[in-house]
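Written out below as structure tokens is the structure these notes cover.
The chains referred to below are lettered A, B, ... by the order of the sequence lines, with proteins before strands, and numbering in each begins at 1.
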2 protein chains.
Amino acid sequence: MNRPLVIALPGNDEMAARIARDLDGDVGELESRKFPDGETYLRFRTDPKGRSVVLVCTLDRPDPKFLPLAFTAVTARQLGAARVGLVAPYLAYMRQDRRFHAGEAVTSTIFATFVSSAFEWLVTADPHLHRHKSLDEIYSIPAKVVHTAPLIADWIAANERVPLVIGPDIESEQWVSEVAARARAPYRVLRKERRGDRDVQITIPDLREFSGRTPVLVDDIVSSGRTMIETARRLREHGMPPPICIAVHVFLSQDAYASLREVAADVVSTNSVPHESNRIDVSVLLADAMVALLGPHR
Amino acid sequence: MNRPLVIALPGNDEMAARIARDLDGDVGELESRKFPDGETYLRFRTDPKGRSVVLVCTLDRPDPKFLPLAFTAVTARQLGAARVGLVAPYLAYMRQDRRFHAGEAVTSTIFATFVSSAFEWLVTADPHLHRHKSLDEIYSIPAKVVHTAPLIADWIAANERVPLVIGPDIESEQWVSEVAARARAPYRVLRKERRGDRDVQITIPDLREFSGRTPVLVDDIVSSGRTMIETARRLREHGMPPPICIAVHVFLSQDAYASLREVAADVVSTNSVPHESNRIDVSVLLADAMVALLGPHR
């Protein structure tokens, strides 16, 4: 049996190394640089011929990443790779999954079509599934989703003695209840009214019965951090201590991260998107999903 | 007959307006913005249904541009556009057209495949054709190239009384001789030895017979500006005055542009890539090429 060849796109070296280790595969080398005119040069320094190739590329800020990633996938096949799959710990373009207004680009399905034509399979962690029940509705290749809720619950149980898990909105209730049950903690969800990309109104439920507990805010994506910062402030008005903030996927800029740390007891994230706050490793889940998807021969 | 609908991707509004005017078409409106997480939102504000759609997007620094451009093309078709073509005044990924070393991505042909699957036709100005004789060798859609040499020659003839046209290397000789003949000027080409992306050795020919003439350096792409700056310095050592520097496609950063202006009498470019130095308008050529390619019904 051929060992799978795990290759990192730029910025994904650590995750690729972890996955290769979990998968008992080899890390392959991809040379990548920019020409002075902004074009990308790519070269396989490890021969993918006959190998099962796993490209690792998390897809936060996806626009500049897509073309180099697609070039790499096509090249792997041209060079004789047996199969080429994608591990995207964070998967992009999961929001615009319908034409809400006339003329809109339904980027979710178009992006899925592009990825499905470049790769033979896909593994990702907790994609932002709204209206779609499963990735199979938009991805035409075998796609496996890993759920980070148990890892987050275990982190909470190991690090906070008397937590109160707080979810961002009613839609998150099922996920939040799963985290809370496994962490053996109570939970509540907020009411959130979105007035624009960057303007959100939050309503705090009655939390008097939980005084003495540490609020643990959980959310799938934290990008500007505004909702969590605002929630932390509102919790303090209700007499609660500074919360622990946990994100599955974190996109915080340096400034936003600093602002959030000012009002939070701690800021914690999975390593789906590389960030200073990464404390929960999802690589084993991703590797297990690959084995489940591809079978023992990968 | 339906008037063609010309739509600018971000940063291409001026070129789109010129092409729409030259083509007797309408400028359509595309709303485009970035979400906080770096994804692109796109919406046709002008209905493309039943129209011949012309997307205008120059492809310098192509990686962040490709995905929004492809989303827009697919969406135009979903919304019922009769046909969707691309005017890319500058066309990217024309250099790596072979696997020079084992394992390299042949980005030129892969990029051509991607563009050919997103669009029904392509018009561009002076692509960097090396080994390929024509775009048809790599693009599977009808592709029309416009040649800017006559415009450059006319600019020289109108702005410099006693020019000496100087080309960057022996491969450029045919193009340089065409520019010089139409400008009614003598020409010479340099000998250039490339030692890396950013390191080039230049040899100046004997120019004694041309004393009193103003050197006019012409090149297809000026990105770091180093070759032109070095050439200007070497020309001065040979007793020549500061040159006029002309680029078809200009990628100069602010700093590089300032450095080049210090040693040049003037810096001039076509508007294929928007830049302060743009002085030669290629929009009419692009519009004419579209009419030639698509016929009177476009």
Top of [options] for chain B proximity - count of heavy-atom pairs under 4.5 angstrom:
options	answer
A:Ala105, A:Gly38, A:Ala92, A:Pro62	A:Ala105
A:Ala76, A:Ala102, A:Gly103	A:Gly103
A:His249, A:Arg45, A:Gln78	A:Gln78

Of A:Glu104, A:Gln96, A:Arg95, the residue whose pairing with B:Tyr41 passes side chain to side chain donor-acceptor pair (under 3.5 Å):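 Single pass found, and it is A:Glu104.
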
Heavy-atom donor-acceptor pair, A:Arg3 side chain to A:Gly25 backbone, under 3.5 Å: yes

Side-chain touch A:Val56/A:Leu9, heavy atoms, less than 4.5 angstrom: no

Structural part of [X] lying under 4.5 Å from a heavy atom of chain B:
X	answer
A:Leu42	both
A:Glu39	both
A:Arg99	side chain
A:Phe111	both
A:Phe251	side chain

Proximity breakdown for B:Asp37 and chain A, heavy-atom pairs closer than 4.5 Å: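 Both parts, backbone and side chain.
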
Geometric cation-pi criterion, B:Arg33 with B:Phe35: 6.0 Å, 45°: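 Verdict for B:Phe35: a cation-pi partner in B:Arg33.
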
Under 3.5 Å, which donor-acceptor pairs do the side chains of residues 63-70 of chain A form with other protein atoms, sequence neighbours left out?
from: A:Asp63; atom 1: OD1; to: A:Tyr93; atom 2: OH; distance (Å): 2.7
from: A:Asp63; atom 1: OD2; to: B:Lys34; atom 2: NZ; distance (Å): 2.7
from: A:Asp63; atom 1: OD2; to: B:Thr40; atom 2: OG1; distance (Å): 2.4
from: A:Lys65; atom 1: NZ; to: A:Thr58; atom 2: O; distance (Å): 2.9
from: A:Lys65; atom 1: NZ; to: A:Asp60; atom 2: O; distance (Å): 3.0
from: A:Lys65; atom 1: NZ; to: A:Asp60; atom 2: OD1; distance (Å): 2.7

Greater than 12 external heavy atoms within 6.0 Å of B:Arg61's CZ: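 Enclosed: over 12 neighbouring heavy atoms sit under 6.0 Å from CZ of B:Arg61.
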
Aromatic centroids of B:His275 and B:Tyr257 separated by under 6.0 Å: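 Yes, close enough.
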
